[in-house]
Engineer: 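Here it is: the structure, laid out below.
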Amino acid sequence: MIVVTGATGNVGRPLVQALAAAGEQVTAVSRNVSATAVPEGVRPHQADLADPESLRPVLDGADALFLHDTGPNAYQLNPRDILDVAKSAGVGRVVLLSSQGVETRPESESHGGRMRAIEDAVRESGVEWTILRPGGFNSNAFAWAEPIRTQRTVFAPFGDVGLPTVDPDDIAEVAATALREKGHAGQSYVLTGPELNTPRAQAEALGAALGEPIRFVELTREEARAKLLQFIPEPVVDTTLAVLGEPKPEEQRISPDVEKVLGRAPRPFGEWAERNAAAFR
Ligand SMILES: NC(=O)c1ccc[n+]([C@@H]2O[C@H](COP(=O)([O-])OP(=O)(O)OC[C@H]3O[C@@H](n4cnc5c(N)ncnc54)[C@H](OP(=O)(O)O)[C@@H]3O)[C@@H](O)[C@H]2O)c1
């Protein structure tokens with residue numbers, strides 16, 4: 001049995017599908033997951049990671065756990081309690097969805113420090129572990145869905161700054177491999193896409209997927225900051241803008257790790273855009 005937390009998210013959903021398709025017994029965990037949200041044969045289980053004991057019923061007897069932090073809610077998480085429950089329940093292997101920010105932005109609590117604490121808890125748990133450190137997700141482009149649907153326009157800052165954004169389905173496939181196969185224990189993988197994508201090029205790729213041109217309007221840093229502050233706390237906004245606007249060399253480096261694990265190159269942004277075009281129509 002493999003337990004997948006964050007099972008309805010950008011990574012968890014394709015991970016549950018991949019594991020079920022490979023014939024694994026899977027329990028899909030999130031606060032609101034239901035039978036209609038998971039493939040046939042997958043067991044849904046509602047639990048809140050802020051309450052580690054709510055995981056115990058599904059971790060008892062499980063072989064492996066995919067641990068997903070819960071974004072801004074993770075500030076309330078006590079990862080050591082989650083790992084204690086997993087260990088005492090007999091879980092033998094944990095794959096953690098972390099972030100490249102642990103290495104590249106250690107000074108930032110939101111991008112580095114928070115995930116570093118979860119990584120430390122995983123490494124010190126005594127359970128076999130693999131850590132996944134993705135860069136920015138292609139699915140962050142869902143933030144453009146509404147203006148693309150209504151105005152065929154992307155509004156974004158730093159139009160010509162490229163980052164090797166990664167397809168969440170590739171993260172899921174690497175996770176599925178690390179959960180099912182030997183040879184990944186004690187490894188930390190940096191997961192990126194195959195190329196640098198600028199926001200302007202991403203808008204073009206979405207236009208190609210829709211068969212209609214998408215206008216790109218470059219926001220100033222201050223305009224972008226004001227927009228983001230409506231949704232996320234100030235320190236998170238400032239680090240996000242630093243990554244998008246002045247990426248460090250290691251944030252622009254294309255990692256070999258997806259290919260190392262999967263034996264094929266990571267998928268380009270254009271493929272993600274085609275698969276997800278319906279969200280932008
Ligand atoms: N986006 C990026 O560019 C990026 C880059 C690097 C790393 N990351 C990491 O990846 C994570 C985001 O992954 P994602 O895009 O797959 O997330 P997502 O699509 O936002 O999905 C979040 C999942 O977690 C569940 N969840 C949220 N709070 C929960 C709680 N308290 N207890 C149990 N389940 C909870 C949600 O379901 P319910 O609402 O039903 O609970 C959902 O299944 C972030 O946390 C971040 O640290 C992201």
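Atoms within each ligand, like the ligands themselves, are counted from 1 in listed order.
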Engineer: So, does Thr5 use its side chain to make a donor-acceptor pair with the main chain of His68 at under 3.5 Å?
Structural biologist: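 Pair found, side chain donor or acceptor close to backbone of His68.
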Engineer: Could you pull out all donor-acceptor pairs under 3.5 Å where a side-chain atom in residues 262-281 meets a protein atom, sequence neighbours excluded?
Structural biologist:
| unit_1 | atom_1 | unit_2 | atom_2 | d |
| --- | --- | --- | --- | --- |
| Arg264 | NH1 | Asp170 | OD1 | 3.2 |
| Arg264 | NH2 | Asp170 | OD1 | 2.7 |
| Arg264 | NH2 | Glu173 | OE1 | 3.0 |
| Arg264 | NH2 | Glu173 | OE2 | 3.4 |
| Arg267 | NH1 | Asp170 | OD1 | 2.6 |
| Arg267 | NH2 | Glu173 | OE1 | 3.3 |
| Arg275 | NH1 | Asp167 | OD2 | 3.3 |
| Arg275 | NH2 | Asp167 | OD1 | 2.9 |
| Arg275 | NH2 | Asp167 | OD2 | 2.8 |
| Asn276 | ND2 | Trp272 | O | 2.9 |

Engineer: Should we count CD of Gln187 as having more than 12 external heavy atoms under 6.0 Å?
Structural biologist: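 Yes.
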Engineer: I'd like to know if Asp257 and Lys260 make a salt bridge, using a cut-off of under 4.0 Å between side-chain N and carboxylate O.
Structural biologist: yes
Engineer: Is it true that a side-chain atom of Arg225 and a backbone atom of Arg221 form a donor plus acceptor pair closer than 3.5 Å?
Structural biologist: no
Engineer: Atoms of ligand 1 less than 4.0 Å from Asn140 heavy atoms?
Structural biologist: 1 (N), 2 (C), 3 (O)
Engineer: List ligand 1 atoms under 4.0 Å from Asp48, heavy atoms only on the residue side.
Structural biologist: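 Listed by number with element: 30 (C), 31 (N), 32 (N).
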Engineer: Going by atom types alone, do Asn138 and Thr165 pair a side-chain donor with an acceptor below 3.5 Å?
Structural biologist: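 Yes, side-chain donor-acceptor contact under 3.5 Å.
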Engineer: Under the criterion salt bridge (charged side-chain N to carboxylate O under 4.0 Å, His left out), which of Glu103, Glu250, Glu251 is the partner of Arg133?
Structural biologist: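 The single option meeting the salt bridge (charged side-chain N to carboxylate O under 4.0 Å, His left out) with Arg133 is Glu103.
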Engineer: Determine, considering heavy atoms only, which of Met115, Arg133, His68 sits nearest to atom 17 (O) of ligand 1.
Structural biologist: His68
Engineer: Examine the proximity of ligand 1 to Ser139 and report which part, side chain or backbone, both or neither, has a heavy atom under 4.0 Å away.
Structural biologist: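 Neither part.
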Engineer: Is there a polar contact between ligand 1 and Ser99, counting only N or O atoms under 3.5 Å apart?
Structural biologist: no
Engineer: Heavy atoms only, cut-off 4.0 Å: how does Ala47 contact ligand 1, side chain, backbone, both, or neither?
Structural biologist: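 Just the backbone.
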Engineer: Can you spot which of Lys182, Arg93, Arg123 makes a salt bridge (charged side-chain N to carboxylate O under 4.0 Å, His left out) with Glu128?
Structural biologist: Arg93
Engineer: Pairs of nitrogen or oxygen atoms closer than 3.5 Å, one from Gly9 and one from ligand 1: do any exist?
Structural biologist: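 Yes; at least one N/O pair falls below 3.5 Å.
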Engineer: Test side chain to side chain contact (heavy atoms under 4.5 Å, CB included) on Asn10 and Ile171 and set out the steps.
Structural biologist: CA-CA 10 Å; Asn10 291 305; Ile171 303 173; over 6 Å; no
Engineer: For residues 56-65, which side-chain donor-acceptor pairs fall under 3.5 Å, sequence neighbours excluded?
Structural biologist:
| unit_1 | atom_1 | unit_2 | atom_2 | d |
| --- | --- | --- | --- | --- |
| Arg56 | NE | Glu53 | OE1 | 2.8 |
| Arg56 | NH1 | Ser88 | OG | 3.0 |
| Arg56 | NH2 | Glu53 | OE2 | 3.1 |
| Asp63 | OD2 | Met1 | N | 2.6 |

Engineer: Between Gly12 and ligand 1, is there a nitrogen or oxygen pair with a distance under 3.5 Å?
Structural biologist: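 For ligand 1, there is no N or O atom that lies under 3.5 Å from one belonging to Gly12.
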Engineer: Would you mind listing which atoms of ligand 1 come within a distance below 4.0 Å of any non-hydrogen atom of Gly136?
Structural biologist: 3 (O)
Engineer: To which of Ser30, Ala172, Ala37, Ala143 does the heavy atom nearest atom 38 (P) of ligand 1 belong?
Structural biologist: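 The residue whose heavy atom sits nearest atom 38 (P) of ligand 1 is Ser30.
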Engineer: Given Asp69, Leu49, Leu55, Leu15, which one has a non-hydrogen atom that is nearest to atom 11 (C) of ligand 1?
Structural biologist: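 Comparing heavy atoms across Asp69, Leu49, Leu55, Leu15, the nearest one to atom 11 (C) of ligand 1 lies in Asp69.
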Engineer: Side chain, backbone, both or neither: which part of Thr5 comes within less than 4.0 Å of ligand 1 when only heavy atoms are counted?
Structural biologist: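 Under 4.0 Å from ligand 1, Thr5 contributes no heavy atoms.
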Engineer: For ligand 1, indicate whether the residue Val29 contacts it via side chain, backbone, both or neither (heavy-atom separation under 4.0 Å).
Structural biologist: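 Neither; no heavy atom under 4.0 Å.
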Engineer: Under 4.0 Å from a heavy atom of Asn32: give me the atoms of ligand 1 that qualify, with their elements.
Structural biologist: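 Per the distance check, 38 (P), 39 (O), 40 (O).
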Engineer: Among Gly135, Pro14, Ser98, which one puts a heavy atom closest to atom 7 (C) of ligand 1?
Structural biologist: Ser98
Engineer: Could you walk me through whether Phe66 and Ile2 pass side chain to side chain contact (heavy atoms under 4.5 Å, CB included), step by step?
Structural biologist: CA-CA 8 Å; Phe66 175 74; Ile2 298 176; 5.5 Å; no
Engineer: So which bit of Gln100 gets within less than 4.0 Å of ligand 1, heavy atoms only: side chain, backbone, both or neither?
Structural biologist: neither
Engineer: Give the atom numbers and elements of ligand 1 that come within less than 4.0 Å of a heavy atom of Ala7.
Structural biologist: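 Counting from 1, the qualifying ligand atoms are 43 (O).
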